[in-house]
Amino acid sequence: MRQKIVAGNWKMNKTLEEASILTSELMGMVADEVKGNVKVVLCTPFPYLYPIKQQLGGNARISVGAQNCSEHDSGAYTGETSVGMLKSMGIPYVIIGHSERRQYFGEDGKLLATKVDKALAQGLTPIFCCGEPLEIREKGTHEQLVKQQVEESLFHLSAEALQKVVIAYEPVWAIGTGKTATSQQAQDMHSVIRKHLASKYGAIAENISILYGGSVKADNAKELFSCADVDGGLVGGASLKSREFVEIIKGIS
Ligand code: PGA
């Protein structure tokens, strides 16, 4: 059985106080309302990771994740955060290769492969993002591109290492646009990704959680999450409001 995960990507939003209020609301609502075996991950800005982790205490359902990490171990890289630092704070997850990192910070497949390696070496779970921009979808080469993104950054891994990775498929045209992929489009791509993993790794592809991201909302989560190969979501804007986010989480549990 694949692990179901709903991760909130807060991006560069909220003050520390607002972050703390959101977390305490979520702790209450998740405890009272969420039934199934779903993991909730709050991907907060770097400065809030440790305080939010402290606030969560030993919460069994909710944990924290970083939104990025450096490809370097340590040294003169002003403004960067290493995976070793995340590990030293007990942070279990890290998003790698979000389309905003690819687009605004020029991160490419080779660099992301290094980040994935760093995360795995320190025992963190990478949430590796892939997804096509609109022009590629319109050209009809989206499956090819996403397969290539997965190949470039993950196919060097051993089967054992791959099993520790979570994948998030996020079509760029659906991120923050209010335009969600249909459940059929999501299922089709998730199945393409899983089959591509199976072509190299065989049956273990069945164990890899593949999340959908891109304008997931309370009113479309249930349908998206009911697809056979969709194991949860990576949620941006809608994860910033406790009621909305909890309704999304309930869509899978
Ligand atoms: P969105 O963002 O839910 O606001 O579309 C998703 C993401 O970027 O991870």
Side-chain angles (χ1 to χ4, degrees), residues 4-14 18-19 22 26 38-46 48-49 52 62-69 91-107 112 115-116 119 124-134 136-137 142 145-146 149-150 153 165-183 185-186 189-190 193 209-225 227 230-252:
K4 293 174 177 170
I5 300 170
V6 177
N9 177 8
W10 292 2
K11 308 192 180 182
M12 196 172 73
N13 289 294
K14 298 207 176 282
E18 289 163 352
L22 175 59
L26 287 173
V38 52
K39 272 204 172 120
V40 178
V41 183
L42 308 180
C43 299
T44 82
F46 281 128
Y48 308 157
L49 283 169
I52 298 297
I62 312 180
S63 50
V64 285
Q67 299 172 13
N68 180 33
C69 61
I91 308 302
Y93 292 89
V94 55
I95 297 176
I96 291 178
H98 189 279
S99 63
E100 286 151 18
R101 301 291 320 172
R102 293 177 188 260
Q103 202 178 331
Y104 306 141
F105 302 93
E107 299 193 355
L112 299 175
K115 292 190 178 195
V116 167
L124 274 81
T125 300
I127 302 177
F128 174 75
C129 300
C130 55
E132 80 285 357
L134 184 60
I136 298 290
R137 166 72 59 171
H142 45 288
L145 178 80
V146 169
Q149 288 173 333
V150 167
S153 303
V165 175
V166 171
I167 295 177
Y169 167 60
E170 300 202 299
V172 179
W173 46 271
I175 294 178
T177 57
K179 217 171 145 187
T180 320
T182 63
S183 52
Q185 286 172 322
M189 187 62 91
H190 283 227
I193 295 170
S209 297
I210 307 179
L211 317 183
Y212 169 80
S215 296
V216 177
K217 303 271 184 289
D219 61 10
N220 60 26
K222 209 178 174 90
E223 195 186 328
L224 286 162
F225 296 164
C227 299
V230 177
D231 307 307
L234 179 55
V235 186
S239 73
L240 297 171
K241 295 176 218 119
S242 54
R243 174 45 57 201
E244 177 87 8
F245 191 47
V246 167
E247 293 304 323
I248 291 171
I249 299 165
K250 284 158 73 178
I252 202 162

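Atoms within a ligand are numbered from 1 in the order they appear, just like the ligands themselves.
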message: Can you report which non-hydrogen protein atom sits closest to atom 3 (O) of ligand 1, along with the distance?
response: Gly236 N, 2.8 Å
message: Looking only at protein heavy atoms, which one is nearest to atom 7 (C) of ligand 1, and what is the separation?
response: Glu170 OE2, 3.1 Å
query: Taking the side chain from Asp231 and the backbone from Ile210, do they hold a donor-acceptor pair closer than 3.5 Å?
result: yes
field: Nitrogen or oxygen atoms of Gly237 and ligand 1 under 3.5 Å apart
entry: yes
task: Hey, could you give me the SG/CG distance between Cys129 and Leu211, rounded to the nearest 0.5 Å?
output: 8.5 Å
- prompt: For ligand 1, is there an N or O atom under 3.5 Å from any N or O atom of His98?
  reply: yes
task: Return yes when Ala174 approaches ligand 1 closer than 4.0 angstrom through a heavy atom, no otherwise.
output: yes
- prompt: Which atoms of ligand 1 sit under 4.0 Å from any heavy atom of Ser215?
  reply: 1 (P), 3 (O), 5 (O)
message: Could you check whether any side-chain N or O of Gln67 sits under 3.5 Å from a backbone N or O of Lys11, counting only pairs where one atom can act as donor and the other as acceptor?
response: yes
task: Could you tell me whether a side-chain N or O of Tyr93 sits under 3.5 Å from a main-chain N or O of Ile95, the two making a donor and an acceptor?
output: no
task: Pick, from Gly176, Gly8, Ser99, the option with the minimum heavy-atom distance to atom 5 (O) of ligand 1.
output: Gly176
Side-chain heavy-atom pair Asn68, Phe105 within 4.5 angstrom cut-off: no
field: Student check: side-chain heavy atoms of Leu42 and Phe245 closer than 4.5 Å
entry: yes
task: Could you tell me if any non-hydrogen atom of Lys217 lies under 4.0 Å from any atom of ligand 1?
output: no
field: Tyr169: which of Glu132, Gln185, His190 passes side-chain hydrogen bond (donor to acceptor under 3.5 Å, both in side chains)
entry: Glu132
- prompt: Taking only heavy atoms of Gly214, which atoms of ligand 1 are found under 4.0 Å from at least one of them?
  reply: 5 (O)
task: Taking the side chain as every heavy atom from C-beta outward, state whether Leu240 and Lys14 have any atom pair closer than 4.5 Å.
output: yes
query: For ligand 1, is Ala238 a contact, meaning one of its heavy atoms is under 4.0 Å away?
result: no
- request: Specify side chain, backbone, both or neither for Ile175, according to which of its non-hydrogen atoms lie closer than 4.0 Å to ligand 1.
  value: both
task: Can you sort out which atoms of ligand 1 are near Asn9, meaning under 4.0 Å from one of its heavy atoms?
output: 9 (O)
